[in-house]
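Chain letters run A, B, ... following the sequence lines, proteins first, then strands; residues in each count from 1. Nothing here was measured: the structure is a model prediction, and the numbers come from that model.
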Number of protein chains: 4
Amino acid sequence: MHAVVVHAAKDLRVEEREPPPLGPHEVRVRLGAGGICGSDLHYYHEGGIGDFPIREPLVLGHEMAGTVVELGPAVEGLAPGTKVAVNPTWPCPGVRFDLGARAHLDPQIRFAGSSRTFPHVQGFFQELVTVRAEQCRPVPAALPVEEAAMAEPLACCLHAIRRAREVLGRHVLVLGCGPIGCLTIAAARLAGAGRITACDLVPATLAKAKAMGADEVIDLSADRAPLDRLKKGGGTVDVVVEAAGSPKAAVDGLEATRRGGTYVQFGVLPRGMHPIPFDQIVAKELDMIGTFRFWEEFDWAVEAIAARRLDVRPLLTEVLPLSRAKEAFELASDRRRAMKVQLVPG
Amino acid sequence: MHAVVVHAAKDLRVEEREPPPLGPHEVRVRLGAGGICGSDLHYYHEGGIGDFPIREPLVLGHEMAGTVVELGPAVEGLAPGTKVAVNPTWPCPGVRFDLGARAHLDPQIRFAGSSRTFPHVQGFFQELVTVRAEQCRPVPAALPVEEAAMAEPLACCLHAIRRAREVLGRHVLVLGCGPIGCLTIAAARLAGAGRITACDLVPATLAKAKAMGADEVIDLSADRAPLDRLKKGGGTVDVVVEAAGSPKAAVDGLEATRRGGTYVQFGVLPRGMHPIPFDQIVAKELDMIGTFRFWEEFDWAVEAIAARRLDVRPLLTEVLPLSRAKEAFELASDRRRAMKVQLVPG
Amino acid sequence: MHAVVVHAAKDLRVEEREPPPLGPHEVRVRLGAGGICGSDLHYYHEGGIGDFPIREPLVLGHEMAGTVVELGPAVEGLAPGTKVAVNPTWPCPGVRFDLGARAHLDPQIRFAGSSRTFPHVQGFFQELVTVRAEQCRPVPAALPVEEAAMAEPLACCLHAIRRAREVLGRHVLVLGCGPIGCLTIAAARLAGAGRITACDLVPATLAKAKAMGADEVIDLSADRAPLDRLKKGGGTVDVVVEAAGSPKAAVDGLEATRRGGTYVQFGVLPRGMHPIPFDQIVAKELDMIGTFRFWEEFDWAVEAIAARRLDVRPLLTEVLPLSRAKEAFELASDRRRAMKVQLVPG
Amino acid sequence: MHAVVVHAAKDLRVEEREPPPLGPHEVRVRLGAGGICGSDLHYYHEGGIGDFPIREPLVLGHEMAGTVVELGPAVEGLAPGTKVAVNPTWPCPGVRFDLGARAHLDPQIRFAGSSRTFPHVQGFFQELVTVRAEQCRPVPAALPVEEAAMAEPLACCLHAIRRAREVLGRHVLVLGCGPIGCLTIAAARLAGAGRITACDLVPATLAKAKAMGADEVIDLSADRAPLDRLKKGGGTVDVVVEAAGSPKAAVDGLEATRRGGTYVQFGVLPRGMHPIPFDQIVAKELDMIGTFRFWEEFDWAVEAIAARRLDVRPLLTEVLPLSRAKEAFELASDRRRAMKVQLVPG
């Protein structure tokens, strides 16, 4: 079967692989659609992510939905033919999702398509994916797999919004309107935000931001004045989410946050140190909050998408077969041409 | 002008009153619509509420929207003809709403149409209402006043949902589907709840609950089994809101809350003590949370209604003129005949 | 070896038992001292606790410290001769204590000397206890085992105080000055409480409350007026902890809690329902919080006792050999004669 | 009377001033002792603080205790001769401290000896201070004024610790052992911290850190290895408080904070931007928390000092008369020679 494997920076290959043997508690899921994420692009362009270079060939991909085709002998409660969204992470035996843990912060937690642990956990960009049964969340048969595959990035965004603690009724500013920024807008709307403002330097993204629920958008390539107005009097915004991964956006965001407000750092900045205005944090008594992946929010995301409580379709802009993975990665790297690019079999 | 005045239990009169002189920071608002709330019914039926009997004739009403008709000389930023929702409470001079205070818990806080302070603050069921300019929140001219008048009860419900702390993605059970229960459903939906279940003994209310966003409803007059299933294994619901004001519902709710979950007591129970299963609170380590009125949530409610982020129209079932106030109060007291009853001029 | 086994209500026997085989990850700990807890007394007097009658003979005891005498072959980091406090509960494999979980709420969690799971987990009142190595927390060799054995009840109290969320600087009222009430006073003091007030009906306990850190004590057998003063104006106390397990104390506590304050239900009330004033919860917008056992707080308790950041010695009033267990249980049941009764070998 | 007035950077004068007329709700307090704070030093060395240069001559000082000598005619509940700690800030009329507000974040809040509002609020370094009666908190007559004058900086530290949210039982690292760092250590101890580690570059401060409750100290001028060990595996410390105002300490602190931990920025860094490792915040999902002044914590500080629940005496190293203010300011600027320098009359 086809698998999309990164060997080194810019060395992305479509290879033939055999699926591993099926364990008693595992299932095989045929790929329906698999989304390319910003972290996949880091592997592609840099051969690793942050402090974690790849140490062996790695099948990429951790956003995926498909159809169950084979069950290990001990699997209960799943039938072949079931359409599922697949969670790229899973609890240690015995950790129940509903007990408030933050097990996603465990450095030993396993996550598909990631080089953070070794041996690496192979990812989802392959025609048949072998996963633990508990990673599979059934979705309605009528739900397109492309939508179901958005559960993973949406889970990250729901987690980011949850980390902001108080969003209901608040003015939320989202900096950066790529797929993550746009899903954060949708997640903030879902969570009852009041006014939502969104900024980006690429005008095409702003239409998507509006489609996902932003009340007003600021085209920073044309005019920074509306953003500067949000900084008046020491900042006016209740909750700022930096989803651009840009040092400049981070400074903008800290300056726009009101006294006593919350700034969430969601975007991954270029490696190294970047300057911030510390006085903003101290004199305004900010909460500057990091957010990383998700935990129980995966189930929330599946449920919200399945019930169309939010509509991810405006973000689904491109679909390519696995065999054209390199082209798909290049396309996903160009914010002017594509929003979410997904891979499908073939 | 007409005013609806309670003198004692069951002694509700429509009287002619002169508006008080207009202070420099005050405005006069012509009544557009004023909703009858459960606490108004307590005054009507019992001549007081809880430990606060009326001590002088009291104009009832604290849910109201209308049109500004006259401005005190020091008022800025409001023009005659502006349609406004009117907040029945207001901050002490200098208390800013955005500083996280819970000033609504101050026993000296003033609240329209309430006997909790003395002299009582006269309420909104009169043709011309004289209030501080800062109590007025402009709404779009196109928004029907009946919808705008729902800002106050919605503010209470947003506060209740906020008091629940974690609603995003959670299973919420609302016990009682009167106007407050139904608005709580809408508020939970707005705040990103996962599944919402609603119960009532009056089947007619359940259709409204569904219209306001409940995913499933339980008709307790027909079959308690679905509720009992929610209590399995020590309880399964993440967040329970008791909005019925019923001792039995409170016990049901505590039993249905899962380990580590949250139970919100929103309904006002009959005076006196009522039994609860303490072991549910201890062994399941519950948070049993009281909720009382609102503070900054009034602005959130106005904004949500003005933007139709939630739709209160299914609840607006009856409109009567002030002159038929007594009939309106009787109607509002009958859950089988009416949901939200509002008074209008005439 | 001697073991203290409950067979039914009032049927407590000292039996000879053989230690079970030692698993590879287990250790054997020789009993130093084991404290009798209120829940042990429930088993003794009622043959069970709450909804969990004993279904097989059960060695009681879950508060214990002693000396490691034998190690399973896979145990690392512990040496024979080490003095340890023993945690009666332990995480599922892979659940790390520092990840914020509330795994103690899992109905399947195992806990020594408890009938909540079946087969029951045998307890610590035996000369040699066989436990998992990770249950053992080394303490300084110079620390008396009697003090180390207080880690478990202190962990419960630290958890209760943590559940109260905001204790620093606050006025705390503790209702009930048995061992748990007194340790709660010490835990509140440790956590930076402002004024601490304590009440009991048994005057002898109040001296202990003072020794553990109460600033003022109220002898309810003599004069309820000081408690009534705390209820003035709707209640004045920031944080109330009910540690008496008394329906009357619960009502007192709810009435004494100030608007916006926190009431913690720590005591286990007699089975059945008990009445509360719901209006106190609603109109004062209280947080009524349940607390159950502990999780990571066991380590905090060991550290605090080992460093003598709090001094548990005033509570250590009686020590008896295992062979006199029945007498010890009777003594522990009489609040006028004993505070904490501990069992030692012999 | 003598007053210590800053006119510009390095232009500090001891002048003769007349006390202002006494308002009906005001009292006059004779200076007992007034501590020199880091922000006083900013005014002295830079002629302002942060973005707030002085715009008119400013009497410095906001840490003060003394004796009431004269009462305005409307003052109740205070008598001449009462020893008091004086709060440099005060609520707007009607804002009650116990309602959870964060009114200290209001840009219009008034604060003694500060240029943040204009006209500036004159400070406490004068022989007679005229303040509102509600700013005065009586302390026991036997308490030395020097200790009472520490209530203000302690209030800041209690607020910082409260902002950290979870300190009970936690490992706390305090970076910087000046007066604020040392009081933060004491505040963390008061709040029930587990292990407390403290670092500084000036060895003399570390003895004070130990005296105030640190369990272990790291002399960074001699050996950074112990600090590096705290950074192992991505960081090990639950709660880090940066109290040095140093960009390097901030980076150290972020690196030492464990996954899911809390970093509190308390120190005021040099003006401008300073680089931080964003990946620490994101991948470890940190809470980076600002803290600014205090609100209700002033009362807690007075109570804790009055009851000697913590002992501030090790920090009281130098006392000079007002007439030698300039010498006192130079002394306070030299971390090698002085910890807390206080001014007294004369």
Flag the one option from C/A283, C/G260, C/P277 with the top tally of heavy-atom pairs under 4.5 Å to chain B.
C/A283
Please classify the contact between C/D287 and chain B as side chain, backbone, both or neither, with a heavy-atom cut-off of under 4.5 Å.
both
Measure across B/V282 and C/F266 and return the closest heavy-atom pair with its distance rounded to 0.1 Å.
CG1-O, 4.4 Å
Residue selection (most heavy-atom pairs with chain C, distance under 4.5 Å) from B/P275, B/G272, B/G267
B/P275
Would you check, one step at a time, whether the test side chain to side chain contact (heavy atoms under 4.5 Å, CB included) holds for B/M273 with C/V251?
CA-CA 9 Å; B/M273 307 250 286; C/V251 175; 3.5 Å; yes
Under 4.5 Å from any heavy atom of chain C, what part of B/V264 do you find: side chain, backbone, both or neither?
neither
When the 4.5 angstrom heavy-atom criterion is applied to B/R116 and chain C, the contacting part is side chain
Any idea which heavy atoms bring B/E285 and C/F292 closest together, and the distance?
OE2-N, 2.8 Å
Is it the backbone or the side chain of C/R271 that comes under 4.5 Å from a heavy atom of chain B, or both, or neither?
neither
Turns out that what part of B/L286 lies under 4.5 Å from chain C's heavy atoms comes down to backbone
Show the numbers, then the answer: is there a side chain to side chain contact (heavy atoms under 4.5 Å, CB included) between C/I289 and B/I281?
CA-CA 7 Å; C/I289 300 290; B/I281 293 174; over 6 Å; no
Could you go step by step and tell me if B/R259 and C/D106 meet the salt bridge (Lys or Arg N to Asp or Glu O under 4.0 Å) rule?
CA-CA 8 Å; B/R259 285 172 177 77; C/D106 190 324; over 6 Å; no
Would B/I276 and C/F278 satisfy side chain to side chain contact (heavy atoms under 4.5 Å, CB included), going step by step from the backbone distance to the final call?
CA-CA 10 Å; B/I276 60 165; C/F278 273 80; 3.3 Å; yes
